[in-house]
Amino acid sequence: MSTNENTAPEQPGDFIRDVISTDVAAGRTDVVTRFPPEPNGYLHIGHAKSICLNFGVAEEFGGRCHLRFDDTNPAKEEQEFIDAIQADVRWLGFDWGDHLYFASDNFERLYEWAEHLISEGNAYVDDLSADEIREYRGTLTEPGRNSPHRDRTPDENLDLFRRMRAGEFDDGGRVLRAKIDMASGNINLRDPVLYRILRAPHPRTGDAWCIYPTYDFAHGQSDAIEGVTHSLCTLEFEDHRPLYDWLVENLPTPATPRQYEFARLNLTYSMLSKRRLTALVNDGHVDGWNDPRMPTLAGLRRRGLPPEALRDFAGRIGVTKSDSVVEMALLDHCVREYLNKHALRRMAVLDPLKVVIENYPEGETDELDAVNNPEDESAGKRVVPFSRELWVEREDFMEDPPKKFFRLGPGREVRLRYAFFITCTDVIKDAAGNITELRCTYDPETRGGNAPDGRKVKATLHWVSVAHAIPAEVRLYDHLFTRTDPGAEGDMADDINPQSLTVQADCQLEPALADVAAGETIQFERLGYFCADPDATPDRLVFNRTIGLRDAWAKMQKQSGGKK
RNA sequence: UGGGGUAUGGUGUAAUUGGCAACACGCUAGAUUCUGAUUCUAGUAUUCCAGGUUCGAGUCCUGGUACCCCAGCCA
């Protein structure tokens with residue numbers, strides 16, 4: 001992932017990198033970070049920011065980055081997510097080597113440390129119910145009250161805690177709490193719960209445990225056990241840092257990791273909360289976690305976004321502590337910029353209109369050279385078949401074109417890309433007045449796309465030979481939501497874009513598209529970038545539109561108040 | 001009338017010890033073009049507010065304001 005440019009620092013600095021630089025300068029040269037997902041859903045583009053930060057920082061400072069699953073709540077976690085998350089991180093382009101960890105690997109040690117806390121008088125078993133604990137906790141402005149069980153002796157607590165582990169109590173019957181300060185302004189310090197009783201099969205530990213540590217009791221300790229030096233997380237954990245530090249201080253941990261918080265990513269027209277993405281999937285608003293409209297890595301991948309573009313995006317948005325909303329247009333730009341340089345060009349007609357070249361001999365076929373990628377000569381050329389009957393894009397013809405419309409119209413001459421100039425001579429309609437076919441003539445002298453007499457045309461159209469065309473379905477995706485801030489007012493479901501998916505069922509592709517590798521993103525000339533979808537069958541290919549090309553004409557039409 | 005954070009163009013970020021507010025995206029023009037794409041050129045617009053210190057403040061001081069997070073036995 002490193003560039004051959006040995007000068008340009010591709011990643012600008014940020015406050016996190018500043019902190020690490022300072023630490024390194026002070027002699028703490030070992031830099032260890034970690035990406036710590038909970039396996040209760042799929043990764044999304046917000047996670048990509050964190051992944052790029054954690055792995056990027058580790059690489060830049062010659063350290064390492066761990067992949068650690070924070071799997072402390074078996075009620076919500078599944079093996080499917082564990083597998084998917086690993087696949088997504090790899091796809092994004094990162095490698096954790098041997099450093100794959102699970103918080104659950106530390107369950108035994110965490111349990112011992114809980115007993116340690118109890119022995120030191122720093123934790124106690126509470127019999128209060130969840131409701132009572134909430135009530136005793138106080139409010140944001142009023143201090144809490146001590147639990148009546150707060151002053152049990154260490155021996156009594158030890159006995160109770162061991163019996164919790166042994167399964168003597170019902171789920172939720174008792175908890176272990178840290179003994180800190182029920183009057184703290186920071187609610188996380190009002191005797192936070194460290195262990196709860198929960199009988200649910202754990203994807204890793206099965207039914208070995210019926211008590212599970214909370215996030216707070218597992219995260220920092222896992223960092224310490226792994227030797228993580230810089231524990232990077234999002235802003236909402238800022239209030240947890242005092243607790244993180246308290247636990248590390250009061251436990252015989254092998255190291256003292258430090259937590260730093262940065263702002264999570266927000267993106268216009270999308271929603272990046274795992275809880276709400278889960279709801280989109282479960283409520284059937286999308287086809288699954290990898291629906292191409294989803295901001296999940298699996299969805300973006302299926303839509304055809306290259307991981308390079310995502311990494312570029314992550315680098316450009318920066319890392320700060322201020323809440324912000326990044327425009328989707330920036331992501332779009334990163335995608336187009338990468339694909340413009342790397343994607344092969346092909347021709348495909350999404351909404352076919354037949355053109356008959358009247359002066360072209362029937363049954364004859366010509367083979368024309370076409371460049372695979374004008375931005376990359378090494379991509380070579382291919383041959384495109386031409387014949388008397390062709391498909392062109394329906395919207396590239398207007399019977400009564402306005403002055404700004406450069407494309408085909410009665411009596412107009414345009415270029416067919418890499419082929420010939422053609423002139424429209426007749427428009428054929430059905431009984432209902434719909435245009436069913438165009439009759440044209442071509443100029444044999446313009447073979448290859450240029451006129452020897454130097455005459456110009458105002459437009460170049462993409463096309464496909466009818467006799468050689470491959471049928472396909474093309475799925476056009478738009479923003480999943482109509483608002484830049486879905487769910488900001490009312491129900492998120494009300495903001496779903498009813499036109500987020502448009503299916504073009506009978507598209508016609510040039511033959512070279514027959515054997516595109518699934519997952520490869522290609523430019524359909526003049527239309528956009530498209531990616532073969534696994535839904536394809538032997539007799540029908542399926543393509544997803546990754547993103548359209550910028551379209552000055554469409555913009556003009558929009559601005560002049562819709563189409564005419 | 002709790003605690004923790006954050007404020008720089010439309011958006012996201014930058015700005016050595018206080019020294020001409022910069023980069024990118026977007027947008028608007030124009031040039032080039034066998035993709036109305038790409039590329040190129042130009043333009044557009046910014047320091048939350050009020051005081052203060054200073055020759056000079058985005059940066060330092062004082063006082064405000066706005067917004068975000070926290071009352072899971074979720075992470």
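The analysis underlying the following values was restricted to heavy atoms, covering all of them including side chains, and did not include hydrogens, waters or symmetry mates. Chain letters run A, B, ... following the sequence lines, proteins first, then strands; residues in each count from 1.
Nucleic acid contact for A:I133: base, since at least one base atom lies under 4.0 Å from a heavy atom of the residue. If you check every strand for non-hydrogen atoms under 4.0 Å, A:L331 touches nothing. Using a 4.0 Å heavy-atom distance criterion, A:G318 is classed as making no nucleic acid contact. If you check every strand for non-hydrogen atoms under 4.0 Å, A:S129 touches a base. Across all strands shown, A:E238 has heavy atoms under 4.0 Å from sugar-phosphate atoms exclusively, and none from any base. Nucleic acid contact for A:D239: base, since at least one base atom lies under 4.0 Å from a heavy atom of the residue. Using a 4.0 Å heavy-atom criterion, one finds that A:S322 contacts the sugar-phosphate atoms exclusively. Heavy atoms of A:R550 sit under 4.0 angstrom from primed sugar atoms or phosphate atoms, though from no base atom. Using a 4.0 Å heavy-atom distance criterion, A:R415 is classed as a base contact. The residue A:A130 sits close to a base: some heavy atom pair falls under 4.0 Å. Across all strands shown, A:Y195 has no heavy atoms under 4.0 Å from either base or sugar-phosphate atoms.
Using Watson-Crick or G-U wobble geometry with both donor-acceptor distances under 3.5 Å, B:rU39 finds its partner in B:rA31. Nucleotide B:rA66 forms a Watson-Crick or G-U wobble pair with B:rU6, both donor-acceptor distances falling under 3.5 Å.
Between A:E393 and A:R526, no side-chain nitrogen of the basic residue sits less than 4.0 Å from a carboxylate oxygen of the acidic one, so the salt-bridge criterion is not met.
Residue-to-nucleotide contacts include a donor-acceptor pair under 3.5 Å from the side chain of A:Q523 to the base of B:rU35.
Residue A:N73 has its side chain nearest to B:rA75 when only B:rU35, B:rA75, B:rG26 are considered. With distances taken from any side-chain atom of A:T460 to the nucleotides B:rA14, B:rU6, B:rU35, the minimum falls on B:rU35. Proximity note for A:R526 (side chain, C-beta onward) versus B:rC70, B:rA71, B:rU35: the nearest is B:rU35.
Considering A:F420, A:F386, A:F397, A:F524 as possible partners of A:W463, the one that fulfils the ring pair (Phe, Tyr, Trp, His ring centres under 6.0 Å) test is A:F386.
Rounded to an integer number of Å, the gap from CE of A:M182 to P of B:rG3 is 17 Å.
Aromatic stacking is marked for A:W553 over B:rG36, as both cut-offs hold: 5.5 Å for the centres and 30° for the planes.
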